[in-house]
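Keep in mind that what you see is a predicted model, and the values were worked out from it rather than measured. The residues of the chain are indexed from 1 along the displayed sequence.
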Amino acid sequence: AYVESISNANCIGMVKLMGRHCGHITLNSTIAASFVDICLLPEMDIDLEKVLAHTLVLMKQKGHAVIVVAEGCGDTIVSSSGGETDAGGNKRLA
């Protein structure tokens, strides 16, 4: 993602890592890779406006950004559909 983001002007490299309910894999990967600009975890209450504002600042300052997202962080942004679950027992997203 880093190489892709620096290859062109104004690029964002985004990586989704496993971690529907727990973001420890994503967090440790972010710590190990020193070039990650934003890390989103399911344990966080994500304010999308703040994330977008910070991304804009990064794009103006550096011209690129790397964002790492745990797959479950969308649960805090997207509301669930009445507590239904999928075939695997995971909460179904709207």
Practice problem: Sort out for me which residue in Gln61, Lys60, Met59 forms a side-chain contact (heavy atoms from CB on, under 4.5 Å) with Val57. | Solution: Gln61

Quiz item: Should Val36 and Tyr2 be counted in the same cluster of Ile, Leu, Val, Met, Phe, Trp and Tyr side chains packed under 4.5 Å apart?
Solution: yes

Quiz item: Can you name the closest pair of heavy atoms from Ser5 and His64 and give their distance?
Solution: O-CB, 3.1 Å

Practice problem: Taking all heavy atoms of Met18 and all of Thr26, pick out the closest pair and write down the distance. | Solution: O-OG1, 3.7 Å

Quiz item: Which atom pair, heavy atoms only, marks the closest approach of Ile25 to Ser29?
Solution: O-OG, 2.8 Å

Self-check item: Leu52 CG to Lys50 NZ distance, which is reported to the nearest 0.5 Å
Solution: 12.5 Å

Quiz prompt | Flag side-chain contact, heavy atom, 4.5 Å: Leu17 against Val15 | solution = yes

Practice problem: Test side-chain contact (heavy atoms from CB on, under 4.5 Å) on Leu27 and Val68 and set out the steps. | Solution: CA-CA 9 Å; Leu27 178 62; Val68 177; over 6 Å; no

Quiz item: Just wondering, more than 12 heavy atoms not from Lys62 lying within 6.0 Å of its NZ?
Solution: yes

Self-check item: Heavy-atom pair of closest approach, residues Ala1 and Met14
Solution: CB-N, 4.5 Å

Practice problem: For residues Pro42 and Gly19, report the shortest heavy-atom separation together with the two atoms involved. | Solution: CG-O, 3.6 Å

Quiz prompt | Joint cluster assignment, Met44 & Ile31, ILVMFWY side-chain distance < 4.5 Å | solution = yes

Practice problem: List the atom of Leu41, the atom of Ile46, and the distance in Å for their closest heavy-atom pair. | Solution: O-CD1, 4.0 Å

Exercise. State plainly whether one hydrophobic cluster holds both Ile12 and Val66, where clusters connect Ile, Leu, Val, Met, Phe, Trp and Tyr through side-chain heavy atoms under 4.5 angstrom apart.
Key: no

Quiz item: Between Ile67 and Asp37, is a side-chain contact (heavy atoms from CB on, under 4.5 Å) present by the stated rule, with each step listed?
Solution: CA-CA 6 Å; Ile67 303 173; Asp37 298 302; 5.8 Å; no

Quiz item: Looking at CD1 of Ile38 and CG of Leu58, how far apart are the two atoms once the value is rounded to the nearest 0.5 Å?
Solution: 5.0 Å

Exercise. Without swapping roles, check the side chain of Glu43 against the backbone of Gly23 for a donor-acceptor pair under 3.5 Å.
Key: yes

